[in-house]
Protein chains: 2
Amino acid sequence: MRLTRAGEYGIRCVQHLARHGKGALVSRKEIAVRTDVPPHFLAKIAQQLARAGIIEIQQGANGGYRLLRDPSEITLLAVIEAIIGGISLNDCVGRPESCHNSPLCTVHRVWNKANRQLRATLQEADFATLAKEDSCCLTPCPETAGHNGSIEKK
Amino acid sequence: MRLTRAGEYGIRCVQHLARHGKGALVSRKEIAVRTDVPPHFLAKIAQQLARAGIIEIQQGANGGYRLLRDPSEITLLAVIEAIIGGISLNDCVGRPESCHNSPLCTVHRVWNKANRQLRATLQEADFATLAKEDSCCLTPCPETAGHNGSIEKK
DNA sequence: CGATATAAGACTAAAAATATCTCATATATC
DNA sequence: GATATATGAGATATTTTTAGTCTTATATCG
Ligand code: SF4
Ligand code: SF4
């Protein structure tokens, strides 16, 4: 009944990328350091995000990751499900056939309802909105600065 | 992000007991067979339910388990949390100190909200209501019969 | 080409879930 | 009270999942 570490890391990764905006290239190393995720682990997670069409991976020297969509178009739900697969609070939610009683089971219906609610809540949260208030970035991020009270640029 | 087997089994156990009503003694073996739970595993789960004050265990010959409260007073949430501990969708929900960023983190707030909703939904579901419509019992249960279309008793 | 950075998947280690076993304890019945 | 029966409680074993690392291959820059 908890998010896996990979899922949490995936969110941090997208959140960090979102601070740089759509299309900006950020190296794996920078993301790993800033979000406190083991670099090799991040690589695996990034692959899943890429397969889901959320980020693009650029190989080679000076490579890195970039967001393919605008932060406002990316929801928490999309990121989580890209990494841990479909959310289902109980086995019988995702695979009703796993319990032959599911067609009759009233508990099953409660789980279905709870699952729908959970997904809805996670879908409401997009990364543009999340970034507005503050961020999940674990250490201050110079590139994105300017939110330290005074606007210095220009 | 899923209910453990133990949690699911605990729910089945309470649901079966609920069909017999508050205070009725049902043997561990019967519950195990009817709900398709390994008997020894059920024993461990029952201990947790007993510690939580949901059931009472009677030892000795012709022993078994009985509900301490009325089914209408027992919620899904209570049973689940008795067995798998407090529900928390992400580590930082249950233990905010596990991530030093939680006071600032907007994602954290989404998790908190989702967690509250989930708990609320599970708390709304009590076993009296759940039993009204149909049941989770995996095999027909003679003692509780009478819902097979015709009323035969008397 | 050579240096750098990621790809992709194999591999390992650790943790958690699931189930079982053993010995102890309580109760009914004789 | 003795015996049979049924559960208590914790230890143990097995399996599955999670978390993290490592190795070899590939892409890009200069
Ligand atoms: S008994 Fe009901 S809640 Fe439990 S697994 Fe089967 S369908 Fe789902
Ligand atoms: S970064 Fe935010 S969501 Fe992630 S663990 Fe920390 S507080 Fe929770």
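Rounded to whole angstrom, the span from the CD1 atom of B:Ile57 across to the C1' atom of D:dG10 amounts to 14 Å. In this structure, B:Glu30 atom CD and D:dA6 atom C1' are separated by 14 Å, rounded to whole Å. Atom CZ in A:Arg2 sits about 10 Å away from atom C1' in D:dA19, given to the nearest Å. Taking atom CG of A:Leu17 as the reference point, atom C1' of C:dT6 lies 15 Å away to the nearest angstrom. Following rounding to the nearest Å, B:Glu56 (CD) and C:dA26 (P) show an atom-to-atom distance of 15 Å. Atom CD of B:Gln47 and atom C1' of C:dA24 are 13 Å apart (whole Å). The CZ atom of B:Phe41 sits 7 Å away from the C1' atom of C:dA19 (whole-angstrom rounding). The interatomic distance linking B:Leu25 (CG) with D:dA6 (P) rounds to 12 Å, in whole Å.
Remark: the B:Lys44 side chain and the D:dG8 base include no donor-acceptor N/O pair separated by less than 3.5 Å.
Between the side chain of A:Thr35 and the backbone N or O of A:Ile31, at least one donor-acceptor pair lies under 3.5 Å.
For the atom pair B:Glu8 CD and B:Arg2 CZ, the distance stands at 11.0 Å (nearest 0.5 Å). Rounding to the nearest 0.5 Å places CG of B:Leu89 at 13.0 Å from NZ of B:Lys113. The CG atom of A:Asp70 sits 12.5 Å away from atom CZ of A:Phe127, with the distance rounded to the nearest 0.5 Å. Atom-to-atom distance recorded for A:Arg69:CZ and A:Ile54:CD1 is 5.0 Å, nearest 0.5 angstrom.
Heavy atoms of B:Lys29 sit under 4.0 angstrom from primed sugar atoms or phosphate atoms, though from no base atom. Looking at heavy-atom distances under 4.0 Å, A:Ala6 makes contact with sugar-phosphate atoms alone, never a base. Residue contacts shown for A:Ala46 are absent, as no nucleic acid heavy atom lies under 4.0 Å away.
Projected onto DNA chain D by closest heavy-atom contact, B:Arg28 and A:Tyr9 fall at different nucleotides, the more 5' of which corresponds to B:Arg28.
Counting only heavy atoms from C-beta on, B:Arg5 has its side chain closest to C:dT18 among C:dT6, D:dG20, C:dT18. The side chain of A:His40 has D:dT23 as its nearest neighbour among D:dT23, C:dT20, D:dA19. Checking C:dA19, D:dT18, D:dG20 against the side-chain heavy atoms of A:Thr4 singles out D:dT18 as nearest. Taking the side chain of A:Pro38 as heavy atoms from C-beta on, and the options D:dG20, D:dG8, C:dG9, the nearest nucleotide is D:dG20.
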Seminar exercise, completed: With sugar-phosphate taken as primed atoms, P, OP1 and OP2 and all else as base, the protein-contact string of nucleotides 24-30 of chain D at under 4.0 Å (heavy atoms; B, S, -) is --BBBS-
Using distance only, find each side-chain donor-acceptor pair of residues 37-51 of chain B under 3.5 Å and give its atom names and separation, not counting sequence neighbours.
residue : atom : partner : partner atom : Å
B:Gln47 : NE2  : B:Ala43 : O            : 3.4
B:Gln48 : NE2  : B:Ile83 : O            : 3.2

Exercise. Under the side chain to side chain contact (heavy atoms under 4.5 Å, CB included) criterion, do A:Val107 and A:Asn90 qualify, and how do the steps go?
Worked result: CA-CA 10 Å; A:Val107 178; A:Asn90 194 358; 5.9 Å; no
Exercise. Between A:Leu118 and B:Gln117, does a side chain to side chain contact (heavy atoms under 4.5 Å, CB included) hold up when you go through it step by step?
Worked result: CA-CA 8 Å; A:Leu118 174 58; B:Gln117 280 186 341; over 6 Å; no
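Contacts of residues 91-98 of chain B with DNA chain D (heavy atom under 4.0 Å): none.
B:Val79 and B:Leu68 fall into different hydrophobic clusters, where Ile, Leu, Val, Met, Phe, Trp and Tyr are joined by side-chain heavy atoms under 4.5 Å apart, directly or via other members.
Annotation: side chain of A:Arg19 is not in contact with side chain of A:Arg34 (no heavy-atom distance under 4.5 Å).
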